[in-house]
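What follows is one structure encoded as structure tokens, with my remarks underneath.
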Amino acid sequence: MFFYTRYPSSNMLKMFFSDVKFNRCITSQLIKWFSNFREFYYIQMEKFARQSINDGVTGVEELSVSRDCELFRALNMHYNKANDFEVPERFLEVAQITLREFFNAIVAGKDVDPSWKKAIYKVICKLDSEVPEIFKSPNCLQELLHE
């Protein structure tokens with residue numbers, strides 16, 4: 001689900017996890033889970049943006065995210081360890097935009113401000129995609145693995 005949305009609402013989570021009996025604690029835990037997913041995502045983006053700068057990259061047009069790049073491998077290994085799911089193209093686009101946002105902010109020296117990442121978060125939260133209906137199915141995993 002993270003490949004489609006980095007910022008799911010509690011209503012969205014309830015819609016896609018229909019087999020879960022939600023209460024305040026469970027909702028809070030699922031939101032925290034996505035927060036941890038985002039944290040890893042943003043840590044990787046910052047790491048790869050800084051590495052690119054250290055490697056001599058001077059412009060964002062030199063940065064791209066494809067299925068064969070190291071950044072994608074790191075993200076896919078974290079979110080899709082068994083490689084069971086086909087990562088949507090839109091996720092690659094969002095990852096590239098995120099990487100470029102981090103790169104630009106670091107090059108511009110914005111990282112000296114303790115809240116420098118908030119501007120990036122505001123951009124990325126608007127890039128969530130619609131989650132496919134198949135994720136609403138109680139047999140989602142089995143259905144996705146047999147396609």
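Excluded from the calculations below are hydrogen atoms, water molecules and symmetry mates; all remaining heavy atoms, backbone and side chain alike, are included. In this chain, numbering begins with 1 at the start of the sequence shown. These numbers come from a predicted model, not from an experiment.
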Report the C-alpha separation of Phe85 and Tyr79 in whole Å, then their side-chain angles, then the decisive distance to 0.1 Å, and conclude whether the side-chain contact (heavy atoms from CB on, under 4.5 Å) test is met.
-> CA-CA 10 Å; Phe85 303 102; Tyr79 302 122; over 6 Å; no
Nearest-0.5 Å distance that lies between atom CZ in Arg73 and atom CG in Asn83 = 12.0 Å
Sequence neighbours left out, what pairs pass side chain to side chain donor-acceptor pair (under 3.5 Å) with at least one residue falling in residues 95-108?
-> Tyr41-Thr98
Provide the full list of ring-ring contact (aromatic ring centres under 6.0 Å, His included) pairs with a residue in residues 105-130, sequence neighbours left out, each pair given once.
-> Tyr42-Tyr121, Phe102-Trp116
Closest heavy-atom pair, Ala105 versus Ile120, reported as atoms and distance to 0.1 Å, is CB-CD1, 4.1 Å
Hey, mind stepping through Asn11 and Met15 against side-chain contact (heavy atoms from CB on, under 4.5 Å) and telling me if it holds?
-> CA-CA 6 Å; Asn11 285 338; Met15 189 168 42; over 6 Å; no
When rounded to the nearest 0.5 angstrom, what distance separates CD in Gln51 from CD in Gln44?
-> 12.0 Å
Leu13 versus Thr27: any side-chain heavy-atom pair under 4.5 Å?
-> no
Which heavy atom of Ala49 sits nearest a heavy atom of Leu99, and at what distance?
-> N-CD1, 3.6 Å
Residues at least two apart in sequence or cross-chain that pass ring-ring contact (aromatic ring centres under 6.0 Å, His included) with Tyr4, listed by chain then number, are Phe135
About how many Å separate OG1 of Thr58 and CG of Leu63, when rounded to the nearest 0.5 Å?
-> 9.5 Å
Ile43, Tyr7: one ILVMFWY side-chain cluster at the under-4.5 Å cut-off?
-> no
State, yes or no, whether a side-chain contact exists between Phe48 and Val65 at a heavy-atom distance under 4.5 Å.
-> no
What is the minimum heavy-atom distance between Ser64 and Cys69, and which atoms define it?
-> O-SG, 4.4 Å
Cluster check Ile26, Phe37: I/L/V/M/F/W/Y, side chain < 4.5 angstrom = yes
Phe17 and Met1: CA distance, side-chain angles, deciding distance, side-chain contact (heavy atoms from CB on, under 4.5 Å) verdict = CA-CA 11 Å; Phe17 292 95; Met1 194 172 177; 3.8 Å; yes
Residue pairs passing the salt bridge (charged side-chain N to carboxylate O under 4.0 Å, His left out) test where at least one lies in residues 22-33, sequence neighbours excluded = none
To the nearest 0.5 Å, what is the distance between CD1 (Ile106) and CD (Glu46)?
-> 5.0 Å
Closest contact, heavy atoms only, Ser129 versus Thr5 = O-CB, 4.4 Å
Rounded to the nearest 0.5 Å, how far apart are CG of Leu92 and CD1 of Ile97?
-> 11.0 Å
Counting only N and O atoms by type, is there a donor-acceptor contact under 3.5 Å from the side chain of Arg6 to the main-chain atoms of Arg38?
-> no
What distance separates Leu30 CG from Phe16 CZ, expressed to the nearest 0.5 Å?
-> 13.5 Å
With sequence neighbours left out, write down each residue that passes ring-ring contact (aromatic ring centres under 6.0 Å, His included) with Phe3, or none if nothing qualifies.
-> Phe91
Inspect the surroundings of NZ in Lys110 and state if more than 12 heavy atoms from other residues, nucleotides or ligands are less than 6.0 Å away.
-> no
Give every residue pair that meets the salt bridge (charged side-chain N to carboxylate O under 4.0 Å, His left out) criterion with at least one member in residues 52-68, sequence neighbours excluded.
-> Arg67-Glu86, Arg67-Glu89
After noting the C-alpha distance and the side-chain angles of Met45 and Leu71, does the key distance pass the side-chain contact (heavy atoms from CB on, under 4.5 Å) rule?
-> CA-CA 8 Å; Met45 293 299 167; Leu71 174 57; 3.7 Å; yes
Does one hydrophobic cluster hold both Met12 and Phe22, with members joined at side-chain heavy-atom distances below 4.5 Å?
-> yes
